[in-house]
Every structure is written in C-alpha cells, then in structure tokens.
Number of protein chains: 2
Amino acid sequence: MKSIDQIVQKLRDSGAKVTPQRIAILKSLQGNTSHPGAHEIYHLLKDDFPSLSKATVYNTLDMLSQIGEVRELTIDRAQARFDPDMSFHDHILCTKCRKVEDVHRKDGDDSTITAVNGYEVLGASMQFYGICAACREPTEEKVN
Amino acid sequence: MKSIDQIVQKLRDSGAKVTPQRIAILKSLQGNTSHPGAHEIYHLLKDDFPSLSKATVYNTLDMLSQIGEVRELTIDRAQARFDPDMSFHDHILCTKCRKVEDVHRKDGDDSTITAVNGYEVLGASMQFYGICAACREPTEEKVN
DNA sequence: TTTCTTGCAAAGATTTTGCAATTGC
DNA sequence: GCAATTGCAAAATCTTTGCAAGAAA
C-alpha cells in the first residue's frame, strides 16, 4: 500500500472525496498484516468513530480494491479479507485457528504469467492451507 | 473423482449410508467440469428429484469434500464451487462471465510443497483471474 | 430396531441496496 | 450548491442448524 498521502492524492485526482471515514480505514490498513475482514476493520474503528457504518467499510474496501490499493483475498470462504500489501506474495490459511499469513516464494514469479487458457490474466496467486505451528502445539491452545 | 461404485463402497465402509440423494449428487458431479455450486447441483437434480432439499446438497458436498472425493474451491467469493477432479491442477475465473475453468501447468508441481512458514501444508493451489476469450469478443455476448 | 439421513423452516452470517441526511469541495 | 458519501435499516444471498419424520442397514 502506498502512503496515506499518496492514496489521498489519488482519490482527489480521480474526483473521489476524502472523508474522515476513508482516512480512518486507510490508517487501519496501513502496515496491518492480519489480513482483516470488513467486520474486523469496523470494530477496530468503532470506538474512535462511533458513527461509522458497516456499509461504509464495505464500500471503502471495495473501492480501494477497485483502484488497486488493497488486494481482496478469497482464501477464507467465511469472509472477504483485505491485504494492503500489493507486492507479489501468496497466502496461507491455518484451517484450525483461521489466521492468514503471507507466504514469500523466491521461485517461479507467477506475476509474470499474463496468459493462460486463452484468458487475459489479470491476477494470479497461490493459496496454501495447513496447520500453523501454534495450532500443532499440543500444550498451547491460544487461537490467534 | 473415483467411480460411483468406489465411492459408494467407501461410504459403506465408513458406516455412512448410501441414499438415493447421495447417488444422484455423485452422478451429477461425475465428469462435470463446470465447477458447480450447491445451487446449481440442486437445480440439476430438482426435476428428477422433487423432494430434494438444499440442505442435503450442502451436507453431501461438505461430506464429499471432507472425505477427499471432491475439492471445494474458494476462487469464487460469491459461492463455494466443487470440483470432482482431484488430480493436481489449478483454476481460473473469468471476472466477466464468472465461469471457472481448469488450468493445467506442467512446471513447478506445487503438490510437492509440504511445509511453508512452519505450517504443515495440507493443500496448495493457484488461482488465476482474467477475462476469457469469449468475453473479450466484442461481437458475441453469450455468458457461459 | 437402531442409527443415520432427509426435508423443512428458521436462524446466522456476510454483503448489498435504497434513500434521506450530511459533507467535501 | 452540487455531487458524492454516509448511516441506517431492510433486503438479498449463501450456508448452517434444529428437529421430527423417514429410510438404510
């Protein structure tokens, strides 16, 4: 994700309005590596922003994903999750605690794949499913 | 997907019951390359099977995916889709007509990845998003 | 007969939508 | 002031669940 200022500028340039809600959502995403869903972002901000509506969160996340400032992940069937890190990387979901983490692969940079099956490829990503180290620990039962 | 007979045997062996509904759902999946969702399977069978309940379709698909006879895809955020082809391959979703097709890659067999980020990897797959050839055709407007 | 499964309806959850009131510019 | 955005509530999915009736073994 670019800096807040850069994105704010991009919004202005495109004619979109810069609202306190949008800034707050952008800030909540910046550097956030938890791959939050709309519900989580809503609760992160609800305290400091009591009037915030969930619809606004959905709208803003959708808009940010449309303009390519965040990536919407489908790895979790339960909810759409969002990743402010637009650099090339993949994800893994722990099927036990359901946290999502980044996976950085050196080999086979799939971002170079531009055509497949006659499709014009717009995006490609790998998904991994597994059990994280913490969830394999029989002693600890913390769910992250 | 194995043959219906083989799966029926597996169900019997595991103590599960072989019902006409389950057979019908298995048959609807066999050789089906459209990556149908629960709703689609329900409607495929509804005519020949008026009493069929959607809950049964959901239950059966979930069970088949649990025992590893079909794969549940997350590529389409709108609905869970199911693939009876358990061989190693990936998928691409046309973001216009929303059909899902198989992608067969020769290189980098990711099925050999068993550990990543300290996770015990249970599954891995690649997702592609793009516009299919038909949707790029300006003359045709058929939505598959 | 015993246990599992079905079907139905209700409930849950996520996400979308309509619209009046509000706010950015 | 105009147009875009917000917030709220209702609606629209998709999916799960509770439970009585029914079917498989």
Side-chain angles (χ1 to χ4, degrees), chain A residues 4-5 7-26 28 35-67 70 72-82 93 98 100, chain B residues 4 7-26 28 35-43 45-67 70 72-82 93 98 100:
Chain A
I4 306 281
D5 284 350
I7 299 176
V8 160
Q9 196 53 53
K10 187 169 178 178
L11 292 182
R12 285 218 166 82
D13 291 349
S14 71
K17 288 174 177 169
V18 178
T19 65
Q21 291 88 338
R22 286 179 176 176
I23 304 255
I25 292 168
L26 280 171
S28 77
H35 309 89
H39 182 77
E40 186 175 340
I41 291 176
Y42 173 75
H43 270 95
L44 272 177
L45 302 175
K46 191 60 177 170
D47 287 338
D48 291 330
F49 219 123
S51 78
L52 183 66
S53 162
K54 224 166 200 176
T56 299
V57 176
Y58 276 106
N59 286 338
T60 301
L61 289 171
D62 188 52
M63 182 211 67
L64 290 174
S65 130
Q66 302 271 1
I67 67 174
V70 303
E72 181 175 343
L73 307 183
T74 68
I75 194 171
D76 187 356
R77 161 121 260 97
Q79 63 172 342
R81 287 166 169 271
F82 297 86
L93 167 75
R98 302 203 74 73
V100 172
Chain B
I4 306 280
I7 299 176
V8 160
Q9 195 54 53
K10 187 170 178 176
L11 293 182
R12 286 220 165 83
D13 291 349
S14 71
K17 287 175 178 171
V18 178
T19 66
Q21 291 89 337
R22 288 179 175 176
I23 303 254
I25 291 168
L26 279 171
S28 77
H35 310 89
H39 182 77
E40 186 175 340
I41 291 175
Y42 173 75
H43 270 95
L45 302 175
K46 190 62 177 169
D47 287 338
D48 290 331
F49 219 122
S51 78
L52 184 65
S53 161
K54 225 166 199 175
T56 299
V57 176
Y58 277 107
N59 286 338
T60 302
L61 289 171
D62 187 51
M63 182 210 65
L64 290 174
S65 131
Q66 302 270 3
I67 66 174
V70 303
E72 182 175 344
L73 308 183
T74 66
I75 194 171
D76 187 355
R77 168 133 254 52
Q79 62 172 342
R81 288 165 167 271
F82 297 86
L93 167 75
R98 302 204 73 73
V100 173

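Per chain, numbering begins at 1; letters A, B, ... match sequence-line order.
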* In whole Å, what is the span from the CG atom of Asp76(A) to the C1' atom of dT15(D)? -> 14 Å

* Asked: Which is true for Pro50(A) with a 4.0 Å heavy-atom rule: it touches a base, it touches only sugar-phosphate, or it touches nothing?
  -> nothing

* Which residue lies more 5' along DNA chain D, comparing Pro20(B) with Glu72(B) via nearest heavy atoms -> Glu72(B)

Where do N or O atoms of nucleotides 9-14 of chain D meet protein N or O atoms at under 3.5 Å, pair by pair?
none

* Looking only at heavy atoms, which two atoms of Val70(A) and Phe82(A) are closest? And how far apart? -> CG2-CD2, 4.1 Å

* Structure fact -> Scanning both residues in full, the closest heavy-atom pair of Lys10(A) with Ile67(A) reads NZ-O, 3.0 Å

* Rounded to the nearest angstrom, tell me the gap between atom CD in Glu40(B) and atom P in dT15(D). => 13 Å

* Would you kindly check whether a donor in the side chain of Lys17(A) faces an acceptor in the base of dA3(D), or vice versa, at under 3.5 angstrom? => yes

* To do: Take atom CG of Asn59(B) and atom P of dA23(D), then tell me their distance rounded to the nearest Å.
  => 18 Å

* Asked: Hey, does Leu73(B) have a side-chain heavy atom less than 4.5 Å from the side chain of His35(B)?
  -> yes

* Assign each of Asp62(B) and Arg12(B) to its nearest nucleotide of DNA chain D by heavy atoms, then name whichever residue's nucleotide is nearer the 5' end. => Asp62(B)

* What is the minimum heavy-atom distance between Tyr42(B) and Ser53(B), and which atoms define it? -> CE1-C, 4.0 Å

* Take atom CZ of Arg22(B) and atom C1' of dG22(D), then tell me their distance rounded to the nearest Å. => 14 Å

* Asked: Rounded to whole angstroms, how far apart are CZ on Arg81(B) and P on dT15(D)?
  -> 11 Å

* Do Arg22(B) and Val18(B) have side-chain heavy atoms sitting under 4.5 Å apart? -> no

* Whole-Å distance between dA23(D) C1' and Gln21(B) CD? -> 9 Å

* To do: Kindly give the heavy-atom pair with the smallest separation between Ala80(A) and Glu72(A), and that separation in Å.
  => CB-OE2, 3.6 Å

* Structure fact -> On a heavy-atom basis, the closest approach of Ile41(A) and Ser28(A) is CG2-OG, 3.7 Å

* DNA chain C: Gly15(B) or Phe49(B), which has the more 5' nearest nucleotide? -> Gly15(B)

* Structure fact -> Between Val57(B) and Ile25(B), the two heavy atoms sitting closest are CA-CD1, 3.9 Å

* Less than 4.5 Å apart, any side-chain heavy atom of Arg98(A) and any of Leu93(A)? -> yes

* **Heavy-atom contact window of chain B on DNA chain C, given 5' to 3' at under 4.0 Å** => dT3(C) to dT15(C)

